[in-house]
Amino acid sequence: MSGGREDSRRYGALPPQREALEAEAEVLRHWDEYDIFRRSIDERSEENIFVFYEGPPTANGRPGVHHAMSRTIKDLVCRYRTMKGERVVRKAGWDTHGLPVEIEVEKALGLDGKDQIEEYGVGEFNKQCYRSVFKYLDEWHDFTHKLGFWLDLDDPYVTCKNEYIESVWWILKQFWDQDMLYEGHKIIPYCARCGTSLSSHEVSQGYKDVTDPSIFIKLKLTDEDAYFLVWTTTPWTLISNVALAVGPEHDYVRVGHRGETLILAGELLGVLDGEYEVLGKVKGRELVGKTYEPCFPWFKDEEGGFRVISAGFVTLTDGTGIVHIAPAFGEDDYIAGMEQGLPFVQPVDTEGKFTPEVTKWAGRFIKDADPEIIEDLRERGILYHAAKYEHSYPFCWRCDSPLIYYARRSWYIRTTAFKDMLIEANSKVHWYPPEVGENRFARWLEGNVDWALSRERYWGTPLNIWTCDSCEEKYCIGDLTELKSISEQFPEEYDLHKPFIDNLDVGCPECGGKMTRVPEVIDCWFDSGAMPFAQHHYPMENMDIFKQQYPAEFISEGVDQSRGWFYSLLVIGAFLTKQSPYKRCLPHGMILDREGRKMSKSKGNAVFASDVLKSDGADSLRWYLMISGAPYLPKRFDLEAMRDNANKFLGTLRNLYSFFAMYAEIDGFEPTGRVMSDNLIDRWILSRYNSTVHDVTAALDEYEITRAARAIQTFVIDELSNWYLRRCRRRFWKNEMSGDKLAAYETFYTVLEGVTRLAAPFVPFLTEAVWQRLRGEAGKSGSVHLELFPASDRAMIDEELEKNMAGVLKVVTTGRAVRNNAAIKIRTPLARMLVHGKYHDVTEWTKDGELAGLVLDELNVKVIETIDDTGELIRMSVKPEYSVLGKRFGKNMKAAAAVLEGLGVESVVELVEKGQITVEIEGKKESISLEEVKVESETAEGFESESEGDLTVILDTKLTDELRREGSARDLVNRIQNFRKESGFEVSDRIELAWRATDEIRQVFEEYHDHICSETLVEDLHEGEQDWENSTSFELDGFQIDLWVKLA
RNA sequence: GGGCCUAUAGCUCAGUUGGUUAGAGCGCACGCCUGAUAAGCGUGAGGUCGCUAGUUCAACUCUAGCUAGGCCCA
């Protein structure tokens, strides 16, 4: 072991729990010094590869506990596969582009909007973006390191590097060559503040419930003294209104209302205030073609507008059934406008302000103008009714401005063209749990729309399409060689971002004219989705590495990445290789705060991973995240709960080692690896160990991490510590190294060493610290993480024994309850214990002397007896076994139950003795066998009893003087041990003891002389006062006792 | 508004094909143990299994609806 551990002992001490952080630091130093991470990869065969992809985080914010979640899962799986003998390369990655970065830099520089950025200078701005991305990189490195996430941070892929961009370009060109990249106009969610369109997955992050205006306006028909009643929640779009849409099959009515004639859908008359009279009924299609007077003057002369059109999307759930159409500001509107030849007006600029055409509100931000627009409509008598409307509306996920739907020029990937292939590729992916992939993700793919790829921003991979200024031909340039061949004076040093790329002089390969690149950059999700290829600079180099590392066996990120990374990986990978780039995907749930609320920066309830690591260490955090609930469920994070949970397990593991080390050191035990014990409890723990290894392996192979963690925890705490070690302590206390003691050491060592390997992927630090100390010299340059995962040895599993021991444990638990009820402490021996159970499982073990011995010892009773006939001690009754009788009696079950539960004592005895009995149920004679009922036993007389299921334990609680004296002897031993410790003696020190007490106690000392002396390592026992330094006095069973002690 | 998931003890979570004492840990109360000891263990009290209807002899479990939360999509 490296670091500061100076310990000459064979089994060195673990740092105490309160120094767990220092212990983890020591392990980290060891890993560094002996290059363990590198070796864990290099020492594995290239023939046996497990491929893992790291989803690149954006290092422009502090890592939170949710990052610890995915990083723990990733690390756990990778360590596990490594220990299974596989070679797991783990390349780190950083996602560097995108709007979030730009926003942060804008804020830092005090810039507001694109004009100011361009004024500031795009080159310098992008430099600042680059710097900003790596602002938190130190904390990310530190967090990754301290969490124990083994990841190759020295050779990461970085999406803004020239090589990475070049690979992305190559991929884009593949799309281009197959006509999968096109330029179009679409109505897109647009953030006027950021001056950019947002992808659907960006939009989805920003829905909020807001209150918007809800207004009804009256639009006068040109050839009739009547008004269409129209509803909208976006008054500002009314300025761009060019048509009204009705559902052709819907029923509309003319109504007389407040002296006017209004037209609206018959089903929606409820929107009217007060009395109305239905004047006539008409189908929607009969209204088509009617014209009306525009509500605003600026576009009243547009040709082909201001008429009623028919549209399928008109519903009768809201509004009036008459929908206002503004083609530039809604997707349905735009499509309808194209189909029906409506005019297209877009009097809103890219900053979301009205253009000069709208004289009254020119330069005003559209949403801000809403109140004035409403007021204007009111003044002119067009407004029918104005109210508030609460609904869910999208906001920009970064800058929080309301989005508008806006017609923009945009580049798309034609994902709809290969939608079926995406669905097919996804169907072969194993999702954990399956429904996330089969239901949610697959369904979402069904509704696939083309991927809006371009972004009108600065800090991103430039879209590699050039247009010739002369011949107008468009070219997609797929790599640097090609670009260099057609550009003049391509410099040695370059950065492919804007503005460099736009300043190049690029000549048209056709006509030699000057070419200009399209201004856009691309969606950063395309960058991260390209990582299987671009991380290796494929296909310009590393073809062989790519081939070896594609596709991934396993990826894991938060469920919120379904539409993000999981999608972009799939689109790019499947398009290029016709298969999904990942075979297994384990999405994990969001981390909520202790109140169950989402963690967010704005709420201030986010917990930062580094803070938790600093206060509690990695193992605690990792163990808590893995053991508390299935990974895909949302999880509440509570520091207190984490501490309780983790200390329980980690503390027990630590104590198990400390115990072992203490005695193994004294006895100079050195493991031989030969575990040949015929001691029953040794065989039991080895059986349970191998069963646990089997269960954990099965769970991890199915990626059921929580199930695996719980199996380990149950084994370590309940079985190894609370039962095996508890029962075996005395075997280690013996003075000489007997065969049995050696067997205990070998067994305990074997299991403990195995447990460190079993738990190593979960809690890599403590397991490492324990493993190293167990291995001693041999482990000094090694690591538990270089070892193989334990294999379950079937020959060691004894199911019969496990079953019997389960019976023993049940009896012990019940016996303890009896003592508790009777208020007789364990130190007081009891004469006998009677056990009764219907099933053999529960009592079978009593035939085995060794098993019975465990119970005698644990409960401190002299004799154990099974009783078939509870006789006069117990009264019996029966209850039906519903699972059996329910099928037999069906409807008559209730009657049958009543009959059986009402059986008299004699009948029950008859049933138990003969195995069956005839009773009358609903007038029919029925034969009931013992297998069809449950026999219950109650009550004890003069004894104390407790029943647990079909098991009954009875203790004879009568105390004799003899038993009392034995109890006192045990008390004395206990007091003397405490006294030894207070006096500062070592566990193995031999002592002289003197005592002074009454005759009653003298009798105990005489009768149990040998026992007391051997238990407490007394060489000489004296009666009477001494002048030794160490003395104590206390009261026992009402008698005063004085003790003196000194080293022998 | 739609899809998927979740709802069980004060808290965090288990609960196998419907079967009659619904489990664990933490916390709480009481106690035990004390040569793993600034540890350890046990017992107990706590639950109309989110609500409502339905299927069934029997529902925490199946079905439908509702409510609340989460994720995703509009």
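Values reported hereafter were calculated over all heavy atoms of this structure, with side chains retained and with hydrogens, waters and symmetry mates removed. Below, read A as the first sequence line, B as the second, and so on, with proteins coming before strands; counting in each chain starts at 1.
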Discussion item. Please tell me if A/R729 has a side-chain N or O lying less than 4.0 Å from either OP1 or OP2 of B/rA36.
Written reply: yes
Practice prompt. Can you tell me the pairing partner of B/rA36 across any strand shown, Watson-Crick or G-U wobble, with both distances under 3.5 angstrom?
Written response: none
Worksheet entry | Separation between the C1' atoms of B/rG18 and B/rA29, rounded to whole Å | 37 Å
Item to complete: Would you kindly give the CG-to-P distance between A/L809 and B/rG42, to the nearest whole Å?
Response: 11 Å
Worksheet item: When you compare B/rC71 with B/rA59, how far apart are their C1' atoms, in angstrom units rounded to a whole number?
Response: 29 Å
Worksheet item: Would you say A/K981 reaches B/rA39's phosphate, i.e. side-chain N/O to OP1/OP2 under 4.0 Å?
Response: no
Worksheet item: Looking only at atom C1', what distance separates B/rA14 and B/rU61, rounded to whole Å?
Response: 14 Å
Discussion item. Looking at B/rA39, I'd like to know if its phosphate oxygens (OP1 or OP2) sit under 4.0 Å from a side-chain N or O belonging to A/N655.
Written reply: no
Fill in: Partner nucleotide of B/rG25 by Watson-Crick or wobble geometry (both distances under 3.5 Å)
B/rC11
Worksheet item: Given atom OH of A/Y882 and atom C1' of B/rA59, what is their separation to the nearest angstrom?
Response: 15 Å
Discussion item. So, does A/K825 get its side chain near the phosphate of B/rG31, meaning an N or O under 4.0 Å from OP1 or OP2?
Written reply: no
Practice prompt. Assign A/Q713 to base, sugar-phosphate, or nothing according to its heavy-atom contacts below 4.0 angstrom with the strands shown.
Written response: nothing
Response to the item:
For B/rC4, the nucleotide meeting Watson-Crick or G-U wobble distances (both under 3.5 Å) is B/rG70
Discussion item. For a quick check of understanding: with a heavy-atom distance under 4.0 Å over all strands, which category does A/T1016 fall into, base, sugar-phosphate or nothing?
Written reply: base
Discussion item. If I take atom CZ in residue A/R726 and atom P in nucleotide B/rU37, what distance separates them, rounded to the nearest angstrom?
Written reply: 16 Å
Worksheet item: Of the nucleotides B/rG35, B/rC26, B/rA36, which has the atom closest to the A/S721 side chain?
Response: B/rA36
Worksheet item: Do you know which two heavy atoms are closest between A/G12 and A/R773, and how far apart they sit?
Response: O-CD, 3.4 Å
Worksheet, complete the sentence: From CH2 of A/W431 across to P of B/rC4 the rounded distance in Å is 16 Å
Discussion item. Roughly how many Å apart are B/rA9 and B/rG70, using the C1' atom of each and rounding to a whole number?
Written reply: 23 Å
Worksheet entry | Pair A/E702 + A/R707: basic N to acidic O under 4.0 Å | no
Discussion item. Any base atoms under 4.0 Å from A/R827, or only sugar-phosphate, or nothing? Heavy atoms, all strands.
Written reply: sugar-phosphate
Worksheet item: Between A/Y657 and A/L752, which heavy-atom pair has the shortest distance, and what is it?
Response: CA-CD2, 3.9 Å
Item to complete: Write down the distance separating the P atoms in B/rG50 and B/rU12, rounded off to the nearest Å.
Response: 14 Å
Discussion item. Rounded to whole Å, please give me the gap between CZ in A/R727 and C1' in B/rA36.
Written reply: 15 Å
Worksheet entry | Distance between C1' atoms of B/rA24 and B/rG47 (Å, rounded) | 14 Å
Worksheet entry | Shortest non-hydrogen contact from A/D616 toward A/L21 | C-CD2, 3.9 Å
Item to complete: Kindly point out which of B/rU34, B/rA36, B/rC41 is positioned nearest to the side chain of A/N974?
Response: B/rU34
Worksheet item: What is the nucleic acid contact for A/T706, judged by heavy atoms within less than 4.0 Å: base, sugar-phosphate only, or nothing?
Response: nothing
Worksheet item: How far does the P atom of B/rA74 sit from the matching atom of B/rU17, given to the nearest Å?
Response: 36 Å
Practice prompt. Have a look at B/rG46 and give me syn or anti from its glycosidic angle (syn if within 90° of zero).
Written response: syn
Worksheet item: Within the structure shown, what part of the strands sits under 4.0 Å from A/L1017 by heavy-atom distance: base, sugar-phosphate, or nothing?
Response: base
Worksheet item: P atom, B/rA58 versus B/rG19: distance in rounded Å?
Response: 14 Å
Practice prompt. Please state how far atom CZ in A/R710 lies from atom P in B/rU16, giving the value in whole angstrom units.
Written response: 13 Å
Worksheet item: Below 4.0 angstrom, N of the basic side chain to O of the carboxylate: do A/E1015 and A/R730 qualify?
Response: yes
Response to the item:
Here the distance between atom C1' of B/rU34 and atom CG of A/N978, to the nearest Å, is 6 Å
Worksheet item: Base, sugar-phosphate, or nothing for A/L725, non-hydrogen atoms under 4.0 angstrom?
Response: base
Worksheet item: Given atom CG of A/L885 and atom C1' of B/rU56, what is their separation to the nearest angstrom?
Response: 17 Å
Worksheet item: A/F649 pairs by ring-ring contact (aromatic ring centres under 6.0 Å, His included) with which of A/W623, A/F715, A/F762?
Response: A/W623
Fill in: Parallel, tilted or perpendicular: ring planes of A/Y567 versus A/F441, cut at 30 and 60 degrees
perpendicular
Discussion item. Applying the Watson-Crick and G-U wobble criteria at under 3.5 Å, what pairs with B/rC41? Answer none if nothing qualifies.
Written reply: B/rG31
Discussion item. Distance criterion of 3.5 Å, no angle test: do you see the side chain of A/T652 paired donor-to-acceptor with the base of B/rA36?
Written reply: no
